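Following: one structure in structure tokens, then a few remarks.
Just so we're on the same page: letters track the sequence lines, and every chain starts at 1. Everything numeric in this text was worked out from a predicted model, so none of it was measured.
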Protein chains: 2
Amino acid sequence: MPVRRREKTGKSDRPVTSFISTYENKVDRKGRVSVPAAYRSALGTETYQGVIAYPSLTEGTIEAFGRGMLDDLNRRKLDQTLDGGDFTQALVGKSDDGLVETINAISSELPFDGEGRIILPAKLAEHAGITDRATFVGRGTRFQIWAPEIYEKHQAAEVEALRARLSGGTVV
Amino acid sequence: MPVRRREKTGKSDRPVTSFISTYENKVDRKGRVSVPAAYRSALGTETYQGVIAYPSLTEGTIEAFGRGMLDDLNRRKLDQTLDGGDFTQALVGKSDDGLVETINAISSELPFDGEGRIILPAKLAEHAGITDRATFVGRGTRFQIWAPEIYEKHQAAEVEALRARLSGGTVV
DNA sequence: TGGAATATCATGGGTATTTATGGGAGTCAA
DNA sequence: TTGACTCCCATAAATACCCATGATATTCCA
């Protein structure tokens, strides 16, 4: 039995899943959309077959990642508090800034169907302005789901801002 | 090398049950309300088929979790005391002492009926201002039951506070 | 090396199950 | 009896599960 040294830090042995590149997929009449196969295989190590998603607090997009990420957050929080004998937070949830708790509240569990699709809840789709197409954008440890038109503009602006900042130098 | 002693920490191997997302369900004439299926399956590993609930000490909502969580709390508290927790408490001056005991006292066991519903005791419903609808809010290791109108306002304020704090980056 | 056989993927649609919800019949106690 | 509560059943809607297809990409082998 491998020795695990997680009781102090609450850090898990879960490998870092990496989401890279962008894909544009269709959203069908039932609200289903295929999660890019590359993303699914990045999530392959997780037991829960699906993703966690919530509306971005700062942009018109959907944030998403594996269930393992959220479990890590919750476990870390619980262990930290109880190990310190701090029952108050575990029971009342006060001393925290509310971030983890809020994320739990506004997140949705989106399980894969047999074909690796998820159903976009109406609320999320609406928040991102998604109707019949969705752009998946890899952001390393997480990914985003945009309405294609909106993402294009957003992306162009992002590049433009970078270019302006790097004027004279090389554009990355 | 430190050997992990479960008896010391009181930590259980119970997996972190994660309550995620929010659901709004009806409360019928008999005071029954369906616990979201996702929450029930999160509790699936527990022997006791039902939830533990108590009025929040700080807000107008009902706090709830599985029996396993309460057992964990009691066990940790016991371990703490046996390990000289009184001593620790005297030194650190933690005021958690009465909390766990109080929670035990004011908690209700709400068993599921055949359809996965619980009956909201009048006192709890009243405390939360719940009449004919109830919003279940996942908070990771526990969940809350709110009156929908009240939760909406509370939630909006919560998100607004977070948004204000975020510099425009991503949350997690 | 060229091209056929094979595998993977995104997509569509049909069907079976589950879930939330309502109501009725039986039980127990005051 | 009157409630309060537990089972049990019914149903509409939401969801999960199943199979089919075309488009790419990959492998294999003569």
Basic-acidic side-chain contact under 4.0 Å: Glu63(B), Arg139(B)
no

Taking Glu101(A) first and then Arg142(B), would you say they form a salt bridge - that is, a charged N and a carboxylate O separated by under 4.0 Å?
yes

Asn25(A) has its side chain closest, among dA10(C), dT21(C), dG12(C), to dA10(C)

Atom CG of Asp28(A) and atom P of dT11(C) are separated, to the nearest Å, by 9 Å

Should the pair Arg75(B)-Asp71(B) be classified as a salt bridge under the 4.0 Å nitrogen-to-oxygen rule?
no

Using a cut-off of less than 4.0 Å, is there contact between a side-chain N or O of Arg40(A) and OP1 or OP2 of dA10(C)?
yes

Just how far, in rounded Å, is P of dT15(D) from CZ of Phe112(A)?
17 Å

Has the side chain of Lys30(B) got a donor or acceptor that lies under 3.5 Å from a partner of the other kind on the base of dG3(D)?
no

Taking atom C1' of dT11(C) as reference, at what distance in whole Å does atom CG of Leu120(A) sit?
15 Å

Quick one: do Glu160(B) and Arg163(B) make a salt bridge, cutoff under 4.0 Å?
yes

For Val27(B), report the nucleic acid contact type (base, sugar-phosphate, nothing); a contact means any heavy atom under 4.0 Å.
nothing

Considering heavy-atom distances to DNA chain C, does Ala37(A) or Arg117(B) have its closest nucleotide positioned more toward the 5' end?
Ala37(A)

Can you measure Lys26(B) atom NZ to dG22(C) atom C1' for me and round it to whole angstrom units?
9 Å

Atom pair distance, as rounded to whole Å: CD in Glu109(A) and P in dA16(D):
10 Å

If I take atom CD in residue Gln49(A) and atom P in nucleotide dA16(D), what distance separates them, rounded to the nearest angstrom?
14 Å

So, for Phe136(A) and Tyr23(A), is the gap between ring centers shorter than 6.0 Å?
no

How is Asp113(B) classified with respect to the nucleic acid when contacts are heavy atoms under 4.0 Å: base, sugar-phosphate, or nothing?
nothing

Round to the nearest Å and state the distance from Arg133(B) atom CZ to dA20(C) atom P.
13 Å

Between dT19(C) atom P and Tyr39(B) atom OH, what is the distance in whole Å?
15 Å

Closer to the 5' end of DNA chain C via nearest nucleotide, is it Val35(B) or Arg32(B)?
Val35(B)

dC7(D) base / Glu115(B) side chain donor-acceptor hit below 3.5 Å:
no

For dG23(C), does OP1 or OP2 lie under 4.0 Å from any side-chain N or O of Arg29(B)?
yes

